[in-house]
Amino acid sequence: MSTSIYVGNLPFSVSEEDVRNHFASYGEVFNVKFIMDRETGRFRGFGFVEMDEAAAKAAIEALDGKDFNGRTLRVNEANQKKPARPRRDY
DNA sequence: AATGAGCGA
């Protein structure tokens with residue numbers, strides 16, 4: 001498996017490719033997923049990156065709190081949500 | 001459809 005990394009505070013200018021490129025410098029990136037607003041379909045400003053555990057830690061140490069395209073990047077291990085998003089059924 | 005703290009489709 002891979003380690004899920006939470007990447008937040010992303011500028012609306014970047015794409016998965018940019019992030020993947022950035023993270024790829026610290027290890028093999030298995031996958032990059034940007035969270036799009038399910039209502040509008042627009043970029044919500046954060047995403048998740050899957051990397052090897054060692055690579056993930058390296059990337060977090062290297063990129064967390066750093067600047068990315070003009071915004072302070074937030075990088076941490078994702079943990080809070082594993083299954084489908086909790087949502088009330090009205 | 002829209003924008004700025006956030007942990008997801």
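Here is how names work: the chains are called A, B, and so on, in the same order as the sequence lines, proteins then strands, and each is numbered from 1.
Considering only the side chain of I35(A), dA9(B) comes nearest among dG6(B), dA9(B), dG4(B). The side chain of Y6(A) lies closest to dC7(B) when the candidates are dG8(B), dG4(B), dC7(B). For E39(A), the listed nucleotide lying nearest its side chain is dA1(B); candidates were dA9(B), dC7(B), dA1(B). Looking at the side chain of N9(A), the nearest of the listed nucleotides dG6(B), dG4(B), dA1(B) is dG4(B).
Residue contacts shown for L10(A) include a base, since a base heavy atom lies under 4.0 Å away. Residue-level contact check: G45(A) touches the bases, meaning some heavy atom is under 4.0 Å from a base atom.
Going from atom CG of D37(A) over to atom P of dG4(B) covers 13 Å, rounded to whole Å. The distance between atom CG of N79(A) and atom P of dG6(B), rounded to the nearest whole Å, is 17 Å. Atom pair R44(A):CZ and dG8(B):P shows a separation of 7 Å (rounding to whole Å applied). One atom, CZ of F43(A), and another, P of dG4(B), lie 14 Å apart when rounded to the nearest Å. Counting to the nearest Å, the C1' atom of dA9(B) and the CZ atom of F46(A) are 10 Å from each other.
Between R71(A) and E50(A), the one whose closest nucleotide on DNA chain B sits nearer the 5' end is R71(A).
Here F48(A) lies parallel enough and close enough to stack on the base of dG8(B), with planes under 30° and ring centres under 5.5 Å apart.
The aromatic rings of F43(A) and F34(A) sit parallel to each other, their planes meeting at less than 30°, with 60° as the upper class boundary.
Taking 4.0 angstrom as the limit, R74(A) places none of its side-chain polar atoms (N or O) nearer than this to OP1 or OP2 of dG4(B).
Summarising the geometry, atom CE belonging to M51(A) is positioned 12.0 Å from atom CD belonging to E77(A); distances are rounded to the nearest 0.5 Å.
Scanning both residues, P11(A) and R71(A), for their nearest heavy atoms gives CB-CG, 3.6 Å.
Here E61(A) does not pair with K57(A) in a salt bridge; the nearest charged N to carboxylate O distance is not below 4.0 Å.
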